[in-house]
Amino acid sequence: MDDYQNEAMPVGAAEVAAATQTLQRYKAGKAALDRRLVDNELWFRMGHWKNYQNPMMPGKAQPSSGWLFNSIANKHADAMDNYPEPNVLPRAADDEQTAKVLSKILPTVLEQCDYETAYSDTWWRKLKTGTGVKGVFWDPMLRGGLGDISIRSVNVLMLYWEPGVEDIQDSPNLFSLSLANNDQLESQYPQLKGHTGHSLDVAKYVHDDSLDTSDKSVVVDWYYKKALPGGQTVLHYCKFCNGVVLYASENDPEYAGRGFYDHGQYPFVFDPLFVEEDSPAGFGYIDVMKDTQTAIDEMNHAMDENVKLAAKQRYVLSDAAGVNEEELADFGRDIVHVVGRLQGNLITYRDDRVSELKEISGNRDVSQGGTTSGLTAASAIAALQEAGSKLSRDMLKSAYRAFAKECYLVIELMRQFYDEQRVYRITGESGGTEYVPFSNAALQAQPGGMVGGVQLGDHEPVFDITVTAAKKSTFSRLSQNETAKECYQLGFFAPANADAALAALDMMDFEGIEKVRERVSQNGTLYQQLQQMAQQLQKMAAIIDQQNGTNVSAAASAAGQAAAGSGGGSGGKTAAASTLNSLGGVVGDRSGSLSSQAAKRAMDVNNPNKE
């Protein structure tokens, strides 16, 4: 480690001093954002009164209603109901098998990284601060020194980039700061002995408890991009503390020429909620709702004080009454105040501001299961919930785009570091448990072969990633199950109906339609093969009957007809009784589907002839 202090090294004390100056410039450009992040954290914890002083009522209660918090919590619940799952698609036919294996392995790798926790924490930060950031790193200490991928939620307050860039990858430098215990640092990096302590100031959140950081030092992870003579840009990494280099990839012979990560990208994925110009960070719901929440809290404050004054017994004391004032009003000494009455229009105004906050956040009552008066039909409630979830779907789209970027980084880290074969437990096609070995051999560039005596370039497997929701809401699962039951009842899976079912599926669109189309096509192919085998069997049975005088052909014909009629479903016909509306359309049947029951109840309510 002492060699890193050698000035002959590419990265030494001079380079770290220049990087520190760059960091200070980046901090100055991000100061306004840091103040907003600290303020938003107070708002989220309903401690925003610390930022406001009311000289008119010193020492009085400062109520904080949870309308803003409830809106954010509801958005977070929507995100967790739509936990993402990757699907890897090949760009070339010869990479199809590798893509199938990656589609099974990636969820397992994310599970081992405790990705669900990182996903949840990042969503909280995205909703509070307007920007969620996850870091995708290679940790050589995991798995007993074998190393593995690590994914963590990153605090935006501790990240610094060049002011004015919109894409974090366009920043020439990126700094990630952290606080580490001095004793642990000195034991891990002996060259740091005597150099611990605070030399950099970091932004801090306001806490109710006192946090002592006197025994901690600020460690800087410095990522920077460097152009090579051939025009290629590589990513390098340096860790330093108080001017002392702890590690530098340019000083490491293994990474000096190739860069720290082969993918050449900063290992951070930014996911802004509402995009701001000239910044990779965005703004969140707290920034939009805080003014309305302030007005609500101030009105609640005034109303609470008014109610307390109105509930207290009051006296009007005359100077000639001869009553001791101190003994009469010992409980408050509020003697001559005139107590006003709370007007009804003031309460209405406060409720209007609450409704305004709900509209701003898109957190209407129906999105939480509440309904307006007179709305009871399940189908109508479901339609309103679906229409009211547009904002949530929009947020999830941006989160899924960030998730796809994270999966690309994970695959690239596999390509670079998975030299040793690893075994993963996956769920097979049949639903059983399978154990699949995997290494980066399938991800390395393959020779392109020879054409006309000319060596073609190497082919490196490249993949596309699509994202679906692994964990769905209860209503989404019910809707998916209803679709499956209706397809079965209509005879989509009957082999004899394969062509008609495929034609119908071409006009339909629902999640998982590709798997349904594949299964129907397989059933149709199986049906054709079965028919061919039945024809051959009947021919063979006729020959046997002619030779032996038996009646085998009749039994073979009956067996063939029975097999052709199997496959489940009714083929579009049903014997169940149906209820028709005034236009003759089928409203409900005995299938028990939620939509049919809701539609039938709605028709019964509006039927004047219904007893």
Notebook entry, point to check: Does NZ or CZ of R422 come closer than 6.0 Å to the centre of the six-membered ring of Y418, within 45° of the ring's axis?
Noted result: yes
Checklist line | Distance flag, aromatic centroids of W43 and F69, threshold under 6.0 Å | finding: no
Note to self: Looking only at the aromatic ring of each residue, does the gap between the centers of W161 and Y223 stay below 6.0 angstrom?
What the structure shows: no
Which pair of heavy atoms, one from [X] and one from [Y], lies closest together, and at what distance?
{"X": "P140", "Y": "W138", "answer": "CD-O, 3.4 Å"}
{"X": "A281", "Y": "L33", "answer": "CB-CD2, 3.9 Å"}
{"X": "R125", "Y": "S153", "answer": "NH1-OG, 3.0 Å"}
{"X": "D287", "Y": "T129", "answer": "OD2-O, 4.2 Å"}
{"X": "L179", "Y": "V218", "answer": "CD2-CG2, 3.6 Å"}
{"X": "V11", "Y": "V245", "answer": "O-CG2, 4.2 Å"}

Flag for [Y]-[X]: side-chain donor and acceptor within less than 3.5 Å:
{"X": "Y400", "Y": "D271", "value": "no"}
{"X": "S249", "Y": "D252", "value": "no"}
{"X": "E406", "Y": "Y119", "value": "no"}
{"X": "N173", "Y": "W222", "value": "yes"}
{"X": "S398", "Y": "K126", "value": "yes"}
{"X": "Q232", "Y": "R258", "value": "no"}

From [X] [atom1] over to [Y] [atom2], what is the distance, rounded to the nearest 0.5 angstrom?
{"X": "L409", "Y": "K134", "atom1": "CG", "atom2": "NZ", "answer": "11.5 Å"}
{"X": "L106", "Y": "I465", "atom1": "CG", "atom2": "CD1", "answer": "6.5 Å"}
{"X": "L142", "Y": "D148", "atom1": "CG", "atom2": "CG", "answer": "6.0 Å"}
{"X": "S120", "Y": "M80", "atom1": "OG", "atom2": "CE", "answer": "4.5 Å"}
{"X": "L273", "Y": "E276", "atom1": "CG", "atom2": "CD", "answer": "11.0 Å"}
{"X": "L235", "Y": "D262", "atom1": "CG", "atom2": "CG", "answer": "10.5 Å"}

Would you confirm whether [X], through its side chain, and [Y], through its main-chain N or O, come within 3.5 Å as a donor-acceptor pair?
{"X": "R415", "Y": "P461", "value": "yes"}
{"X": "N242", "Y": "H195", "value": "yes"}
{"X": "S103", "Y": "V88", "value": "yes"}
{"X": "N82", "Y": "L396", "value": "no"}
{"X": "D170", "Y": "V165", "value": "no"}
{"X": "N87", "Y": "T466", "value": "no"}
{"X": "S187", "Y": "Q184", "value": "yes"}
{"X": "T196", "Y": "L192", "value": "no"}
{"X": "S279", "Y": "E166", "value": "no"}

Margin query: So, applying side-chain hydrogen bond (donor to acceptor under 3.5 Å, both in side chains) with Y224, which one of E250, E15, H236 is it?
Written below: E250
Item checked: Sole residue of F44, W123, W124 in ring pair (Phe, Tyr, Trp, His ring centres under 6.0 Å) with H76 -> W124
Note to self: Name the residue from F268, Y261, F417 that meets the ring pair (Phe, Tyr, Trp, His ring centres under 6.0 Å) definition with F137.
What the structure shows: F268
Next item on the list: Check the pair V154 / F270 against side-chain contact (heavy atoms from CB on, under 4.5 Å), numbers first and verdict last.
Entry: CA-CA 10 Å; V154 181; F270 279 58; over 6 Å; no
Next item on the list: May I ask you to test the V133-L159 pair for a side-chain heavy-atom distance under 4.5 Å?
Entry: yes
Item checked: Sub-4.5 Å side-chain heavy-atom contact between P90 and T98 -> no
Item checked: side-chain contact (heavy atoms from CB on, under 4.5 Å) between V220 and C241, worked out -> CA-CA 6 Å; V220 181; C241 177; over 6 Å; no
Notebook entry, point to check: What class does the angle between the rings of F260 and Y237 fall in, given that below 30° is parallel, 30 to 60° is tilted and above 60° is perpendicular?
Noted result: tilted
Item checked: Test: D464 and R91 ion pair at under 4.0 Å -> yes
Notebook entry, point to check: Salt-bridged, R35 to D39, with N to O below 4.0 Å?
Noted result: no
Check: For atom NZ of K239, is the number of surrounding heavy atoms from other residues, nucleotides or ligands below 6.0 Å larger than 12?
Finding: yes
Check: Is the count of non-hydrogen atoms from other residues, nucleotides or ligands lying under 6.0 Å from E111 atom CD greater than 12?
Finding: no
Margin query: Apply side-chain contact (heavy atoms from CB on, under 4.5 Å) to residues Y115 and V410 and explain how you reach the verdict.
Written below: CA-CA 12 Å; Y115 183 81; V410 169; over 6 Å; no
Next item on the list: List in chain and number order the residues that pass side chain to side chain contact (heavy atoms under 4.5 Å, CB included) with Q169, two or more places apart in sequence or in another chain; answer none if no residue qualifies.
Entry: D167, K225, Q265, Y266
Notebook entry, point to check: Which is it for M414 and L102 under the side-chain contact (heavy atoms from CB on, under 4.5 Å) test, yes or no, and what are the steps along the way?
Noted result: CA-CA 10 Å; M414 289 180 173; L102 282 175; 4.0 Å; yes
